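This structure is a prediction, so every number in the text was calculated from the model and none was measured. Numbers restart at 1 for each chain; the letters A, B, ... are given by sequence-line order, proteins then strands.
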Amino acid sequence: MASTALLWFRDDLRLGDNAALRAAAGADALVCLYVLEEEGVRPLGGASQWWLANSLRALDAALREKGQKLILRSGNAAEIVPALADEIGASEVFWNRRYGPAEKIDGQVTRALKQRGIEAKTFAGALLHEPDAIKGSTGAAPKIFAPFWKRLRAAGDPPAPIRAPSKWPSTKRVASDDLADWSLEPTKPDWAGDMRDAWAPGEDGARKRLHAFVDGALSTYADSRERADRDGSSRLSPHLRFGEVSPTQVWHAAKHALDAPAKERPSPASVDKFLAELAWRDFAHHQLRAYPKIADENMRDQFDRFPWSEERKGFTAWTRGQTGYPLVDAAMRHLWAEGWMPNRLRMLTASFLIKHLLSDWRRGEKWFWDTLVDADPANNPTNWQWVAGSGIDSAPYFRIFNPVTQSEKADPDGDYVRKWVPEIAKLPAQFLTAPWEASPMELEEAGVRLGKTYPEPIVDHKEARERALGALKKMTGK
DNA sequence: ATTTTTTTTAC
DNA sequence: TAAAAAAAA
């Protein structure tokens, strides 16, 4: 009897290194499905929705070249997947495993399929190593990154990536939603223009980005990643978020760069740093799994009694890039325009919101969730709790970034600030980190009127720092 | 994955 | 006296 397989795509919108796909392609007929889930997973923010729409289009186009197409359905996956499996007469349903609260849905799907006599076949592919593979001396995954990273390294390289199937089964005609009806992309104000220029969602875009990075910025990654004025980041985060490239593919590509001739070879320190960043992604997924409410609850409950400021004006100024601290503002405007900012500036802007404005980290996390194209249910809350100090493994409460010092280090010539805060672009570089220090004459020559064309700092750094240290110290009870 | 203050060291 | 290192937050 001819077999039919259902392949359920989720956060793995790729054909390469896709174990579930490889296995499903062994059937006689194949149907590929994506479900816009309305239950059991965190609803996507605006920027991520834009990315998803483009990634789904890219995946559908790639599948059509193979005689397939991507079937779209929306609703509760626990009902949709078994129903579709029934509809097409599938004997097996394939997917790559995901981790965290979404596992509950997958369990429901598995049980519903079993009742119908259909087998769920699941595979690894979302992380470098599956959560259960990394264990500390207690048998649980280490809750601190350093030992986690040590264990992950000790586990060795993840298995080599596998290729997309070379032979494809036939497909079946199945009704699909129309992507346009999902309204994932902006219409009235089309705010995605800068995103279209900055990104190429989809597996091809991911592959090109990976190669560009491995052949380019990786060589100086350890230093360049700290610089806002250089393209030192890999910019792979949204591709990884939607699984257009697997962390395994990225890991092996970075390691492979060490085999290049000496002249083109990246420094081992840079490769190591980059691999550690990849490991942070695994670490965050472990954290999400251990703390399903990581986006809503402090991991350290002493933060439950911290008197966060409910004030709105400062928060709004932060979201709009109007704090009066040029590097903070540049980064927040960059985020709004391209749906992304480099890691160092995420730390700086998050620190500013939490420590300088005393805003609850959850407000900031939600803003990033809505505006980042790479908004990830594990990474985003993990990193916000890290900056807040409320995470199990996190920065100590007294770690407060100085926005001026950071500006001097990350953007010494002011190129990044000039790009995103053009109203002060004519100021000499020395004042682009702190325009309030320029004399009235220098401000006038640059066409800057503080408080009019560009804000005065909404808080004084020294005062804000002392205020935060006092409040945080009081919270700890010491 | 820091900043600021204090202390030490090196001219 | 200034830079570097250490300590404290």
Side-chain angles (χ1 to χ4, degrees), chain A residues 142-150 152-153 220-228 230 232-234 237 269-287 294 299-300 302-303 306 323 325 327-328 331 340-358 361 364-365 368 372 374 376 378-412 433-434 437 457 459-478:
Chain A
K143 291 190 160 49
I144 307 294
F145 180 73
F148 175 84
W149 177 217
K150 204 171 150 189
L152 193 145
R153 304 205 83 145
T220 57
Y221 181 75
D223 297 323
S224 301
R225 67 191 296 275
E226 309 294 350
R227 294 286 295 268
R230 298 188 183 158
S233 299
S234 74
S237 54
S270 276
V271 173
D272 206 61
K273 192 79 195 165
F274 179 67
L275 296 179
E277 295 303 311
L278 259 191
W280 268 99
R281 180 177 171 278
D282 268 38
F283 183 64
H285 283 76
H286 283 243
Q287 298 236 335
I294 197 166
M299 295 168 85
R300 287 179 198 268
Q302 65 179 187
F303 273 78
F306 189 83
T323 68
Y325 286 93
L327 187 58
V328 172
W340 183 89
M341 71 166 90
N343 186 249
R344 170 144 297 272
L345 299 184
R346 298 187 193 201
M347 291 191 284
L348 170 63
T349 53
S351 171
F352 189 86
L353 182 72
I354 297 166
K355 310 283 169 92
H356 288 72
L357 302 181
L358 297 180
W361 61 266
E365 195 276 340
F368 271 32
L372 280 169
D374 61 34
D376 181 291
N379 297 338
N380 198 229
T382 296
N383 290 327
W384 274 90
Q385 294 227 39
W386 186 89
V387 176
S390 61
I392 296 301
D393 179 25
S394 60
Y397 73 85
F398 44 75
R399 186 172 291 171
I400 298 173
F401 285 70
N402 180 329
V404 176
T405 310
Q406 287 293 313
S407 195
E408 287 162 355
K409 287 180 180 165
D411 187 31
T433 60
E437 285 181 353
V459 287
D460 175 75
H461 168 67
K462 197 162 190 274
E463 279 171 25
R465 179 172 192 274
E466 280 161 15
R467 185 174 63 164
L469 281 174
L472 286 159
K473 197 169 179 185
K474 196 172 160 202
M475 177 197 73
T476 64
K478 284 173 198 161

query = For Arg346(A), which contact category applies under a 4.0 Å heavy-atom criterion: base, sugar-phosphate, or nothing?
reply = nothing
query = Who are the side-chain hydrogen bond (donor to acceptor under 3.5 Å, both in side chains) partners of Ser270(A), not counting sequence neighbours?
reply = Ser267(A)
inquiry  = Regarding Glu226(A), tell me which of base, sugar-phosphate or nothing describes its non-hydrogen contacts under 4.0 Å with the strands shown.
reply    = sugar-phosphate
query = Using a cut-off of 4.0 Å on non-hydrogen atoms, how would the nucleic acid contact of Arg344(A) be classed: base, sugar-phosphate, or nothing?
reply = sugar-phosphate
ask   = Is a side-chain donor or acceptor of Tyr325(A) paired with a backbone partner of Val459(A) at a separation under 3.5 angstrom?
value = yes
request  = Whole angstrom is fine here: how far is it from NZ in Lys462(A) over to P in dT4(B)?
outcome  = 9 Å
Pair pattern of DNA chain C in dot-bracket, where unpaired bases get dots and | marks partners in another strand, Watson-Crick or G-U under 3.5 angstrom = |||||||||
query = Do Gln385(A) and Ser390(A) have side-chain N/O donor and acceptor atoms under 3.5 Å apart?
reply = yes
ask   = Would you say a side-chain N or O of His461(A) is under 4.0 Å from OP1 or OP2 of dT3(B)?
value = no
query = So how far is it from Lys273(A) NZ to Thr220(A) OG1, rounded to the nearest 0.5 Å?
reply = 14.0 Å
ask   = Under 4.0 Å between a side-chain N or O of Arg399(A) and OP1 or OP2 of dA8(C)?
value = no
task = Could you tell me whether Lys355(A) contacts a base, only the sugar-phosphate backbone, or nothing, with contacts defined as non-hydrogen atoms closer than 4.0 Å?
result = nothing
inquiry  = Does dT4(B) have its OP1 or OP2 closer than 4.0 Å to a side-chain nitrogen or oxygen of Asn402(A)?
reply    = yes
Donor-acceptor pairs are to be reported for all side-chain atoms of residues 345-353 of chain A against protein atoms at under 3.5 Å, with residues two or more places apart or in another chain.
| residue | atom | partner | partner atom | Å |
| --- | --- | --- | --- | --- |
| Arg346(A) | NE | Met341(A) | O | 2.7 |
| Arg346(A) | NH1 | Asp374(A) | OD1 | 3.2 |
| Arg346(A) | NH1 | Asp374(A) | OD2 | 3.4 |
| Arg346(A) | NH2 | Met341(A) | O | 3.0 |
| Arg346(A) | NH2 | Asp374(A) | OD2 | 2.7 |
| Thr349(A) | OG1 | Leu345(A) | O | 2.7 |
| Thr349(A) | OG1 | Arg346(A) | O | 3.3 |
| Ser351(A) | OG | Phe401(A) | N | 3.3 |

ask   = Pick from Phe368(A), Trp361(A), Phe303(A): which one makes a ring pair (Phe, Tyr, Trp, His ring centres under 6.0 Å) with Trp384(A)?
value = Phe368(A)
